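For reference, the structure discussed in these notes is given below.
Note that the structure is a prediction, hence the values are computed from the model and not measured. Numbered from 1 within each chain, the chains take letters A, B, ... in sequence-line order.
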Protein chains: 2
Amino acid sequence: MNRIKIILVDDHRIFRDGLKSLLSEVEFIEIIGEASGGSELLETLTYIRPDLIIMDISMKGLSGIEVSQKITSVTPEIRIMILSMHTDEEFVISAIQAGVKGYLSKDASKEELLEAIKIIHEGGECYSKMVSDNFLKSYVRKYKAEHGLVENKTLTQREIEILKLAAIGQSNKEIADKLFISHKTVDCHKNNIVQKLKLKNTAEMVLYAIKHKIIEV
Amino acid sequence: MNRIKIILVDDHRIFRDGLKSLLSEVEFIEIIGEASGGSELLETLTYIRPDLIIMDISMKGLSGIEVSQKITSVTPEIRIMILSMHTDEEFVISAIQAGVKGYLSKDASKEELLEAIKIIHEGGECYSKMVSDNFLKSYVRKYKAEHGLVENKTLTQREIEILKLAAIGQSNKEIADKLFISHKTVDCHKNNIVQKLKLKNTAEMVLYAIKHKIIEV
DNA sequence: TTTAAATTCAAGAATTACCCTATTGTTTGT
DNA sequence: ACAAACAATAGGGTAATTCTTGAATTTAAA
């Protein structure tokens, strides 16, 4: 399995080093770069393409929010997770508006961090317990509803299951037989997947699955 | 564009080093490993997966022919090019029977070598001028005809063109419009591609194209 | 020069993919 | 507790693709 390629961004070198060492022990993760600030990150992105960026908010120069906006508008396939000491609502909301897919407190445990990385990598979103109170949840929903269908559209478990099978060349009928459901159901799931991910056809589903490392090549 | 991953195999270190330095200057090539002999190569292949192996025939221990047989029978998608000082017909014939896709003399120029690498990588075969006389050509054809349809089935230029477009998610109609031909022709080409490569459907074509680096991911 | 291969196109049949709608059960928010 | 949203399941209709067979033209090879 290809590992999740990550770039770390934080203006404190010792924090980066610690996180790097921590994540280096995880077999499904590969740290492919780091940056001490927003400008350095943007420069790095011109020649390195990560799956995920883990970034602080408060940095000298460009803030994490500003950088996130730039990145998500140009290359939305690169997911961004904020790792911040601030869990105030305003920060989180700004981050979400900037298109980040996760917001964790620096107090989070290693397990929480890994879980969040997994979830985000599989197309989901993850906000730390401290920041994901009721108000925030409802706000996120409302904000997204208001600001149109530029939605995250995370796939359900069943959809991911079907995406994986379709992406390795299985036909609807083959998938149906394997999962003991009607080929029409498979068809419907694929249809939903295509819509959620804004794809055109099965061929693009294969490409998507490979790009996002949902299947191995 | 992903570079062609190559492993060099020769029992003379200085030759490997020279070749490595020569190929390192080429941007579409990446030397991902080397071995001094057959056994070492087989061991290397358990954890490194190259696109192409460039190998001498006469080596201590296992000969290049024996190693080629083993590799092509297990992992036929790894292509093998022999780079030998012997251009005698028997050697070449044995090599071809062992499933190699190219046979170059060590006298070949850098340009010939690069050309051969490209051709083989795109699914073709390439034998150096010295060894590719009429006798050999006819022999190769006869041998392949006799030994059934375990053919290389190289794609034509047009087929590769269509494979590329289909693999990035274009429909038959879109491809037809782009190439100014009938969608029925596209259909026919795709049909031939699927048969030649022993695939099942378009999704598998996408996978094939990615695996063989015919398109970028 | 005759043969073979590559590229082009087409008709008809079978299959599959794609799109829309709909039902049922399960969470979730108020 | 009840409405809303979500997840998983399909059916029907249409468009697209695939398979098969056949064939003309051009180009390359024996």
Side-chain angles (χ1 to χ4, degrees), chain A residues 123-125 132-142 144-145 149 151-163 165-167 169-206, chain B residues 123-124 132-142 144-145 151-163 165-167 169-206:
Chain A
E125 301 186 17
S132 65
D133 58 10
N134 288 332
F135 165 77
L136 187 61
K137 274 190 187 168
S138 63
Y139 179 85
V140 169
R141 208 175 315 104
K142 216 191 311 172
K144 287 187 171 172
L149 309 160
E151 258 290 8
N152 59 316
K153 298 289 188 183
T154 61
L155 300 182
T156 66
Q157 277 312 109
R158 197 59 157 174
E159 283 165 350
I160 290 176
E161 203 175 357
I162 276 151
L163 172 57
L165 293 171
Q170 308 241 330
S171 70
N172 288 2
K173 194 184 292 290
E174 285 171 322
I175 297 170
D177 288 347
K178 188 161 287 179
L179 301 181
F180 304 107
I181 55 179
S182 157
H183 72 95
K184 283 300 204 177
T185 307
V186 177
D187 175 21
C188 180
H189 282 305
K190 277 177 70 174
N191 210 353
N192 291 334
I193 294 167
V194 162
Q195 286 189 330
K196 280 187 181 178
L197 305 177
K198 302 190 210 308
L199 307 174
K200 282 201 321 239
N201 48 37
T202 308
E204 286 197 346
M205 263 176 62
V206 179
Chain B
S132 66
D133 57 10
N134 288 332
F135 163 78
L136 188 59
K137 276 188 186 168
S138 62
Y139 178 85
V140 171
R141 207 174 313 105
K142 212 190 316 167
K144 288 188 172 170
E151 257 290 6
N152 58 317
K153 296 287 187 185
T154 60
L155 299 182
T156 67
Q157 277 313 110
R158 198 57 158 175
E159 283 165 350
I160 291 175
E161 206 173 354
I162 277 152
L163 172 57
L165 294 171
Q170 308 241 325
S171 70
N172 288 2
K173 194 185 289 291
E174 284 172 322
I175 297 170
D177 289 347
K178 188 160 286 180
L179 301 181
F180 304 107
I181 56 179
S182 156
H183 72 95
K184 282 297 203 178
T185 307
V186 177
D187 173 23
C188 179
H189 281 305
K190 277 176 74 174
N191 212 349
N192 291 334
I193 293 167
V194 163
Q195 286 190 329
K196 279 188 182 178
L197 304 178
K198 303 192 210 306
L199 306 175
K200 282 198 323 234
N201 48 38
T202 308
E204 284 198 347
M205 264 175 60
V206 179

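Residue B/Q170 holds its CD atom at 9.5 Å from CG of A/N201, rounded to the nearest 0.5 Å. For the atom pair CD1 (B/I175) and OG1 (B/T185), the distance works out to 11.5 Å, reported to the nearest 0.5 Å. Taken to the nearest 0.5 Å, the SG atom of A/C188 stands 12.5 Å off from the NE2 atom of A/H183. The CE atom of B/M205 sits 4.5 Å away from atom CD1 of B/I193, with the distance rounded to the nearest 0.5 Å.
Phosphate contact (OP1/OP2 of C/dC19, side-chain N/O of A/N191, threshold under 4.0 Å): present. Taking side-chain N and O atoms only, A/R158 has a distance below 4.0 Å to OP1 or OP2 of D/dT9. Contact between the side-chain N/O atoms of A/T202 and the OP1/OP2 oxygens of C/dA17 is not found at any separation under 4.0 Å. Note on A/S171: every side-chain N or O is 4.0 Å or more away from OP1 and OP2 of C/dA17. Between D/dA10 and A/H183, no contact under 4.0 Å exists linking OP1 or OP2 to a side-chain N or O. Not one side-chain nitrogen or oxygen of A/H189 sits closer than 4.0 Å to the OP1 or OP2 atom of D/dA8.
The residue among B/N172 and A/N192 whose nearest nucleotide of DNA chain D lies closer to the 5′ end is A/N192.
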| field | Full working for side-chain hydrogen bond (donor to acceptor under 3.5 Å, both in side chains) between A/T202 and A/K190 | value | CA-CA 8 Å; A/T202 308; A/K190 277 177 70 174; 3.3 Å; yes
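Between B/I162 atom CD1 and C/dT7 atom C1' there is a gap of 9 Å when expressed in whole angstrom units. Note: CE (A/M205) to P (C/dA17) measures 10 Å, nearest angstrom. Following rounding to the nearest Å, B/E159 (CD) and C/dT7 (P) show an atom-to-atom distance of 6 Å. The separation between A/D187 atom CG and C/dT21 atom C1' is 13 Å, rounded to whole Å. Remark: C1' of C/dA6 and CG of B/L163 are 17 Å apart, rounded to the nearest angstrom. Atom CD1 of A/I175 and atom P of D/dA8 are 15 Å apart (whole Å). Separating the CG atom of B/L179 from the C1' atom of C/dC9 is a distance of 15 Å, rounded to the nearest angstrom. Residue B/I193 contributes atom CD1, which lies 13 Å from atom C1' of D/dT18 at whole-angstrom precision.
For B/K184, counting side-chain heavy atoms from C-beta on, the closest listed nucleotide (D/dG12, D/dT20, D/dT18) is D/dT18. For B/S182, the side-chain atoms get nearest to C/dC9 when compared with the rest of C/dC9, D/dT20, C/dT21. When each of D/dA10, D/dT18, D/dT20 is scored by its nearest atom to the side-chain atoms of A/I181, the top-ranked nucleotide is D/dA10.
B/T185 comes within 4.0 angstrom of a base, heavy atoms only.
Under 3.5 Å, the side chain of A/N201 and the base of C/dC18 form no donor-acceptor pair of N or O atoms.
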